[in-house]
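See structure below.
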Amino acid sequence: MAEQSVMMQRAKFVMRAGLGAPILMLLMLAMIVVPLAPFFLDILFSFNIALALVILLVTVYTLRPLDFALFPTVLLITTLLRLALNVASTRVVLLEGHTGTDAAGQVIKAFGEFVVGGNYAVGLVVFLILVIINFVVITKGATRISEVSARFTLDAMPGKQMAIDADLNAGLIDQDTARRRRQEISDEAEFYGSMDGASKFVRGDAVAGILILFINIIGGLSIGTMQHGLSFSQAAQYFTLLTIGDGLVAQIPALLLSTAAGIIITRVSTTQNMGEQVLQQMFSNPRSLAVAAGVLCFMGLIPGMPNLAFLSLAAISGGAAYMIYRHNSNKAKVAAAETVQSEKQELEVRDLSWDDVGPVDAIGLEVGYRLIPMVDKGQGGELMGRIKGVRKKLSQELGFLIPPVHIRDNLDLTPTSYRITLMGVTVGEAEVYPDREMAINPGQVFGTLDGIQGNDPAFGLEAMWIEPSQRDQAQTMGYTVVDANTVIATHLSQLIQTHAYELLGHEEVQHILDQLAKAAPKLVENLVPETLSLGVIVKVLQGLLEEGVSIRDIRSIAETLAEHGSRSQEPDVLLSAVRVALARSIIQQINGMEIEVPVITLAPELEQLLHHTLQASDGIGGGVEPSLAERLHEALLESANAQEQSGQPAILLVPAILRTMLSRFVRHTIPSMYVLSYNEIPTDKQIRIVATVGQATAAA
């Protein structure tokens with residue numbers, strides 16, 4: 001026991017030190033260079049056969065090919081071991097073969113005499129048959145499967161990676177699971193790529209076996225007759241039997257390893273081993289056995305046929321089919337009874353609960369059945385990746401995490417239609433053609449296109465659905481050409497930006513504050529709940545988003561709220577203060593880095609009239625006389641269009657007390673117009689008045 005323990009410790013030390021592979025390669029080299037006694041040849045040949053058998057059984061009981069990812073390396077090592085044994089045995093056969101058939105050990109003698117009956121002609125035929133089976137059938141098929149699997153695995157890698165990203169983006173898996181799946185995909189590609197090359201080892205080994213056989217026979221006959229004075233028949237008997245025995249000893253492990261390579265390369269990843277798969281997939285349905293039993297019975301009744309053999313097999317097949325049928329019937333009855341019992345118990349015990357009330361999706365995308373391939377990774381759909389890109393971009397621009405987009409098919413829609421929902425309410429709907437591209441008219445094009453008339457769903461521009469072959473022609477004529485994926489993604493992006501304030505709730509704001517607390521803990525501690533409640537902060541941030549102002553600079557926002565929160569709790573007052581703090585960012589977003597800011601102002605008479613109206617309505621701003629509101633809207637729209645045609649932003653500059661009211665007034669009717677107050681213009685910017693609205697309006 002003590003000696004065994006010492007040997008085990010030494011073996012562990014060798015493995016941990018990384019000396020196992022070098023020692024094995026040195027032993028193989030020694031087998032090639034140093035002559036081996038027949039006793040050691042017997043041990044090594046027996047070990048080679050046992051090793052091949054173990055590898056074959058490992059592949060049979062492996063659940064997934066990646067569970068035996070070392071197989072290509074093992075295949076190389078066993079092939080080298082077998083070739084080294086061939087060299088060592090060849091040396092012994094040629095040197096000592098003249099002494100008799102036991103010159104190269106008992107294993108080669110047994111295969112040369114017992115397996116083939118001592119007849120070298122029969123042995124040669126058996127050897128050639130084994131080589132043909134190994135080389136032509138098993139190795140060639142395994143090589144072809146390896147090549148195809150490696151190519152298809154590499155081609156499928158991008159789609160699998162995108163599918164993992166889509167599941168991660170949809171919240172179906174976590175980061176660790178995604179990381180593990182990506183690693184599995186990488187390992188799978190490396191495994192099949194290695195198997196593509198490793199299968200060539202077995203193929204080359206089979207060719208080497210044939211060449212070694214004929215070389216040994218010719219060499220043995222020459223040595224026996226010329227050097228040792230044996231007759232040709234005696235030399236042929238000794239050396240041919242030894243050579244064939246040597247070849248059979250090498251070909252049987254080669255055949256086992258070829259079979260193992262074919263099994264592992266054709267395996268599909270399951271939770272069952274090969275035996276369980278055979279029982280479930282081949283013998284789960286009794287019809288195949290029943291039909292086979294009928295055919296065998298018919299053949300057994302034909303005169304002159306081996307009636308006993310066919311009828312016996314027919315009886316066995318029929319009995320097996322009947323037993324499988326009874327087993328499946330009993331299993332189905334038990335399953336049905338359990339289902340009925342569970343449903344009955346559920347009806348008796350289970351009552352309605354809040355779990356039966358499913359929450360609505362924050363953002364939903366419903367597609368018609370012809371658009372399903374666009375969102376299916378398995379069919380090459382790219383829309384999931386585009387949507388992830390939209391969410392990432394908007395999250396960075398707006399300053400909070402956009403919720404996942406839940407995609408589902410809706411058979412109530414027309415085949416090429418889609419619908420976008422926010423909080424379960426439809427906010428956008430359009431029709432796209434997945435096999436065409438949209439040519440959008442940006443305002444000035446040269447010529448017309450043949451196609452299906454339509455409109456850009458995001459911005460309402462005139463568009464034409466054209467064939468992909470017309471893309472270059474359309475771009476030459478001045479059209480902006482995009483595919484169906486881009487149309488849906490752009491529409492979704494535009495709607496999310498417009499309704500971003502609806503997606504920001506208490507949970508999102510709390511998460512934003514938690515992130516800020518990591519960098520400025522005292523600021524958050526003094527702000528919530530000492531100065532302001534979370535609800536007030538939510539309303540302020542929603543107000544900023546509703547007016548198109550990003551909340552990325554949450555630190556400046558929080559500092560402004562902490563400063564003004566002690567004086568007022570009104571969200572509109574706090575919103576105005578925050579806008580002043582973010583003035584530089586707001587102006588840069590609207591007018592870029594330009595020093596001069598073109599603005600539209602109101603006539604003093606109109607400002608005074610609106611001020612009186614605001615005071616009369618207690619600051620709500622809802623008491624503007626309808627005719628005045630209509631004339632004001634027409635005048636502002638005309639000025640905004642003029643600015644848009646000149647390529648400049650439409651900025652309405654008003655007193656701070658009127659800004660909130662006028663912002664709400666133009667927000668949905670003139671979305672291209674920005675309403676700023678005088679104190680929202682940074683001191684380093686210059687104002688240039690391009691239009692004054694209100695003299696005729698106020699007088700009327």
Side-chain angles (χ1 to χ4, degrees), residues 360-376 381-395 397-398 402-445 448-468 470-471 474-475 477-503 545-546 548 644 667-672:
V360 296
D361 296 331
I363 307 174
L365 175 62
E366 301 174 2
V367 296
Y369 70 85
R370 281 196 59 193
L371 305 185
I372 292 177
M374 296 176 62
V375 298
D376 185 4
E382 301 178 358
L383 187 55
M384 293 288 288
R386 300 285 182 89
I387 291 176
K388 180 183 177 182
V390 167
R391 289 186 58 223
K392 182 177 181 180
K393 178 175 178 293
L394 292 180
S395 297
E397 290 180 354
L398 298 178
I402 302 298
V405 179
H406 292 272
I407 303 176
R408 60 174 61 89
D409 60 292
N410 187 346
L411 297 179
D412 294 334
L413 296 174
T414 57
T416 57
S417 296
Y418 68 90
R419 178 184 297 163
I420 300 174
T421 62
L422 265 69
M423 304 301 177
V425 179
T426 301
V427 294
E429 191 171 13
E431 186 175 11
V432 296
Y433 299 90
D435 55 344
R436 291 175 173 261
E437 295 185 346
M438 174 179 278
I440 303 173
N441 183 355
Q444 185 177 5
V445 295
T448 58
L449 294 170
D450 294 331
I452 303 174
Q453 189 70 34
N455 290 289
D456 173 29
F459 305 103
L461 300 175
E462 293 182 0
M464 188 75 69
W465 288 99
I466 61 175
E467 296 291 341
Q470 298 175 267
R471 182 184 184 93
Q475 290 178 336
M477 297 167 62
Y479 286 89
T480 301
V481 184
V482 295
D483 58 12
N485 292 302
T486 304
V487 172
I488 298 177
T490 305
H491 192 193
L492 179 65
S493 175
Q494 187 265 337
L495 289 176
I496 292 177
Q497 282 184 300
T498 305
H499 299 270
Y501 66 96
E502 299 180 29
L503 301 174
L545 292 173
E546 190 173 9
E644 186 175 356
R667 182 174 302 152
H668 301 292
T669 57
I670 315 177
S672 61

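A quick note: this is a predicted structure, and the numbers were derived from the prediction, not measured.
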#### Entry: Side chain to side chain, N441 and Y479, heavy atoms closer than 4.5 Å
yes
### Query
Are the side chains of L461 and P442 in touch, meaning some heavy atoms are under 4.5 Å apart?
no
#### Entry: Flag side-chain contact, heavy atom, 4.5 Å: V487 against W465
yes
### Query
If only atom types and distance count, is the side chain of T498 paired as donor or acceptor with the main-chain N or O of Q494 below 3.5 Å?
yes
### Task
Kindly state each residue pair satisfying salt bridge (Lys or Arg N to Asp or Glu O under 4.0 Å) with at least one member in residues 485-496, sequence neighbours excluded.
none
#### Entry: Any E366 side-chain heavy atom under 4.5 Å of L413 side chain
yes
### Task
Applying salt bridge (charged side-chain N to carboxylate O under 4.0 Å, His left out), name anything that partners E382, two or more places apart in sequence or on another chain.
R386
### Query
Does I363 reach the side chain of R391, with side-chain heavy atoms less than 4.5 Å apart?
no
### Message
Measuring from atom CG of D409 to atom OH of Y369, what distance do you get when rounded to the nearest 0.5 angstrom?
### Response
12.0 Å
#### Entry: Derivation of the side chain to side chain contact (heavy atoms under 4.5 Å, CB included) call for T490 and V482
CA-CA 10 Å; T490 305; V482 295; over 6 Å; no
### Task
State, with a plain yes or no, whether a side-chain heavy atom of L503 is found less than 4.5 Å away from one of M423.
yes
#### Entry: Smallest separation among heavy atoms of A500 and L545, with atom names
O-CD1, 4.0 Å
#### Entry: Spacing of CD1 belonging to I420 relative to OG belonging to S493, to within rounding of 0.5 Å
10.0 Å
#### Entry: Reported CG-to-CD distance for the pair L492 and Q497, which is rounded to 0.5 angstrom
10.5 Å
#### Entry: Partners passing side-chain hydrogen bond (donor to acceptor under 3.5 Å, both in side chains) against E467 (at least two apart in sequence or in another chain)
R436
Please list, one pair per line, the donor and acceptor atoms closer than 3.5 Å that link side chains of residues 426-435 to other protein atoms, with sequence neighbours excluded.
unit_1 : atom_1 : unit_2 : atom_2 : d
E429   : OE2    : R419   : NH2    : 3.4
E431   : OE2    : T416   : OG1    : 2.7

### Task
Starting at CD1 of I440, measure out to CG of D456 and round the result to the nearest 0.5 Å.
4.0 Å
### Message
Do M464 and M438 make a side-chain contact, defined as non-hydrogen atoms from C-beta onward lying under 4.5 Å apart?
### Response
no
#### Entry: Closest heavy-atom pair and its distance - G460, N455
O-OD1, 4.0 Å
#### Entry: For R667, salt bridge (charged side-chain N to carboxylate O under 4.0 Å, His left out) partners two or more places apart
E546, E547
### Option passing side-chain contact (heavy atoms from CB on, under 4.5 Å) with L365 (candidates L371, V405, N410)
V405
### Message
Measuring from atom CG of N485 to atom CD1 of I387, what distance do you get when rounded to the nearest 0.5 angstrom?
### Response
9.0 Å
#### Entry: Residues in side-chain contact (heavy atoms from CB on, under 4.5 Å) contact with R471, at least two apart in sequence or another chain
E437, Q475, V481
#### Entry: Spacing of K393 atom NZ and I496 atom CD1 [to the nearest 0.5 Å]
11.0 Å
### Query
What's the shortest heavy-atom distance between M477 and L449, and which atoms?
SD-CD2, 3.7 Å
